[in-house]
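Only one structure is covered here, and it is reproduced in the block below.
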Amino acid sequence: MSRTPRLPSSLLRVAACTSVAALALTACGSGSGSGSTSSGSGTVKVGLITKTDTNPFFVKMREGAEKAAKEDGVQLMTAAGKFDGDNAGQVTAIENMVAAGVKGILITPSDSKAIVPAIAKAKAKGVLVIALDTPTEPESAVDALFATDNLKAGELIGEYAKAAMKGKTAKIAALDLAPGVSVGVQRHNGFLKGFGATEKDVACAQDTGGDQAKGQTAMENCLQKEPGINLVYTINEPAALGAYTALKAKGREKDVLIVSVDGGCTGTQAVKDGKIAATSQQYPLKMAAEGVNAVVKYAKDGKKASGYTDTGVTLITDKAQTGVTSKDTAFGLENCWG
């Protein structure tokens with residue numbers, strides 16, 4: 001993973017990991033011990049705000065930010081919404097971080113549109129704001145975006161599914177995220193594009209919030225509506241595993257193709273175990289690490305990151321299809337969410 005030059009080791013290091021009530025906002029430095037969230041005017045502070053702090057994807061993102069902050073000798077403050085979609089919580093986190101004097105904020109927006117006014121206020125105070133994983137609407141609301149090309153991620157599994165179906169007529173179930181969320185829309189549209197299908201070809205579409213239990217319920221609903229479903233697109237691997245559970249209960253797990261996006265370690269293992277046929281692997285650790293490095297560079301020379309940085313996507317499967325570039329699960333498990 002490429003990195004920007006590090007700040008001199010003379011930068012003050014942080015020995016604090018404390019919580020701020022509303023959003024479990026924490027300040028974590030490269031040292032250890034206890035103290036307040038402020039460790040001196042010379043310390044560069046970087047904020048990371050994720051949608052939640054329980055989803056493994058965001059846990060890995062935080063790990064990447066923590067590692068980069070430690071290497072660069074800067075202070076990392078973290079916060080998360082109480083649930084996916086908690087825009088009010090993210091707004092509070094931005095306000096808290098700006099008040100604490102962060103140089104830059106990295107954020108995975110829960111609501112791509114509603115978060116924009118809070119971002120604008122932060123930018124007006126000279127804070128660099130970078131979106132990770134999920135673009136804002138408009139994308140120009142932030143200084144930069146470090147993310148997977150989610151349309152491409154969807155296209156890859158769509159192309160794979162088309163090849164794997166080998167000419168069979170597809171009866172598609174789409175287990176989506178939630179209305180209006182850009183990541184979900186892009187992956188869904190990418191899948192249809194890669195498969196060469198349209199919305200008219202989707203026999204059943206259900207929102208899952210990316211949750212395994214909701215994915216199972218959604219699949220049960222789709223099987224009731226259209227028992228002949230033979231291809232399942234899922235927004236992520238928890239939803240895919242929920243679908244697999246529902247299919248297995250009906251004795252259909254062997255004759256229905258499931259494809260997904262994310263490439264987490266658990267999801268990649270599910271590909272290896274034959275529960276999911278293929279997944280598009282993305283790299284949240286890299287997103288966060290490069291985001292921290294961009295803030296450090298801004299603090300050092302005043303140069304802001306800008307535009308879109310594609311952090312990569314790889315199709316993972318153990319059943320490669322002719323004409324579709326992929327890597328096997330050995331590669332996927334070695335690189336899962338790296």
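FYI, the numbering just counts along the sequence from 1. All figures in this text were calculated on a predicted structure; none of them were measured in a lab.
Asp201 places a side-chain N or O within 3.5 Å of a backbone atom of Thr198 that can act as its donor or acceptor partner. The closest donor-acceptor contact from the side chain of Thr268 to the backbone of Leu333 lies at 3.5 Å or more, if one exists at all. Under a 3.5 Å cut-off, the side chain of Arg62 and the backbone N or O of Leu48 do not form any donor-acceptor pair. In terms of modelled atom types and a separation under 3.5 Å, the side chain of Glu226 and the main chain of Lys171 share no donor-acceptor contact. Under a 3.5 Å cut-off, the side chain of Ser260 and the backbone N or O of Asn236 do form a donor-acceptor pair. Formation of a donor-acceptor pair under 3.5 Å by the Asp262 side chain with backbone atoms of Gly264 is not found in this model. Under a 3.5 Å cut-off, the side chain of Gln206 and the backbone N or O of Ala174 do not form any donor-acceptor pair.
A continuous path of hydrophobic side-chain contacts links Leu156 to Leu192 [ILVMFWY only; heavy atoms under 4.5 Å]. Cluster membership check: Val202 does not share its hydrophobic cluster with Ile229, using side-chain heavy-atom separations under 4.5 Å among Ile, Leu, Val, Met, Phe, Trp and Tyr. Linking Ile, Leu, Val, Met, Phe, Trp and Tyr residues whenever their side-chain heavy atoms come within less than 4.5 Å places Val261 and Leu177 in a single cluster. Hydrophobic clustering of Ile, Leu, Val, Met, Phe, Trp and Tyr side chains at less than 4.5 Å, counting indirect connections, keeps Val271 apart from Leu231. No single ILVMFWY cluster, assembled from side-chain heavy atoms under 4.5 Å apart, contains both Val259 and Met219.
Between Tyr283 and Met287 the shortest side-chain heavy-atom distance does not fall below 4.5 Å. The shortest distance between side-chain heavy atoms of Tyr298 and Asp143 does not fall below 4.5 Å. Side-chain contact check for Leu315 versus Thr325: every heavy-atom pair is 4.5 Å or farther apart. Side-chain contact between Thr266 and Pro56 is absent, with no heavy-atom pair separated by less than 4.5 Å. With a 4.5 Å cut-off on side-chain heavy atoms, Asn230 and Asp255 do not count as touching. Between Asp149 and Tyr308 there is a side-chain heavy-atom pair separated by less than 4.5 Å. Contact of the Leu247 side chain with the Leu223 side chain is registered, since non-hydrogen atoms from C-beta on lie closer than 4.5 Å. Taking the side chain as every heavy atom from C-beta outward, Ile130 and Glu290 never approach each other to under 4.5 Å.
Of all heavy-atom pairs spanning Asp207 and Pro179, the tightest one is OD2-CD, 3.3 Å. For Glu159 against Val324, the heavy-atom pair with the smallest separation is O-CG2, 3.9 Å. Across every non-hydrogen atom of Ala294 and Leu128, the tightest pair is O-CD2, 4.0 Å. Between Trp337 and Lys60, the shortest heavy-atom distance links the atoms O-CG, 3.0 Å. Residues Phe191 and Ala161 approach most closely at CE1-CB, 4.2 Å, considering heavy atoms. Shortest non-hydrogen contact noted between Leu106 and Ala288 is CD1-O, 3.9 Å.
Here the options are Thr134, Asp86, Asn87, Asp84, the test is side-chain hydrogen bond (donor to acceptor under 3.5 Å, both in side chains), and the partner is Lys51; only Thr134 passes. Here the rule is side-chain hydrogen bond (donor to acceptor under 3.5 Å, both in side chains) with Thr148, and of Gln281, Gln186, Gln282 only Gln282 fits it. Among Leu175, Ile157, Ile276, Asp176, the single residue meeting the side-chain contact (heavy atoms from CB on, under 4.5 Å) criterion with Thr234 is Leu175.
Once rounded to the nearest 0.5 Å, the distance linking CZ of Phe58 with CG of Asp53 reads 10.5 Å. Distance check: Ile49 CD1 to Met77 CE gives 10.0 Å after rounding to the nearest 0.5 Å. The line from NZ of Lys275 to CD1 of Ile258 is 10.5 Å long, rounded to the nearest 0.5 Å. Between atom CD of residue Glu220 and atom OG1 of residue Thr217 there is a gap of 5.5 Å, rounded to the nearest 0.5 Å. A distance of 8.0 Å separates CG in Leu145 from OG1 in Thr309, rounded to the nearest 0.5 Å. One finds the NZ atom of Lys254 at 8.0 Å from the NZ atom of Lys248 (value rounded to the nearest 0.5 Å).
More than 12 heavy-atom neighbours from other residues, nucleotides or ligands sit within 6.0 angstrom of NZ on Lys123. Within 6.0 Å of NZ in Lys214 there are 12 or fewer heavy atoms belonging to other residues, nucleotides or ligands.
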Give the intermediate values and the outcome of side chain to side chain donor-acceptor pair (under 3.5 Å) for residues Thr108 and Asp133. CA-CA 6 Å; Thr108 59; Asp133 179 57; over 6 Å; no
Give the intermediate values and the outcome of side chain to side chain donor-acceptor pair (under 3.5 Å) for residues Thr279 and Glu237. CA-CA 8 Å; Thr279 191; Glu237 291 140 7; 2.6 Å; yes
Before giving the answer on side chain to side chain contact (heavy atoms under 4.5 Å, CB included), spell out for Ile94 and Gln90 the whole-Å C-alpha distance, their side-chain angles and the decisive distance to 0.1 Å. CA-CA 6 Å; Ile94 290 174; Gln90 290 196 324; 5.6 Å; no
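Under the side-chain hydrogen bond (donor to acceptor under 3.5 Å, both in side chains) criterion, Asp328 pairs with no residue at all, not counting sequence neighbours. In terms of the side-chain hydrogen bond (donor to acceptor under 3.5 Å, both in side chains) criterion, residue partners of Gln269 (sequence neighbours excluded) are, by chain and number, Asp273.
We find that Lys152 and Glu155 are not joined by a salt bridge, their nearest charged nitrogen and carboxylate oxygen being 4.0 Å or further apart.
Within the structure, ring-ring contact (aromatic ring centres under 6.0 Å, His included) contacts touching residues 135-164 (residues at least two apart or in different chains) do not occur.
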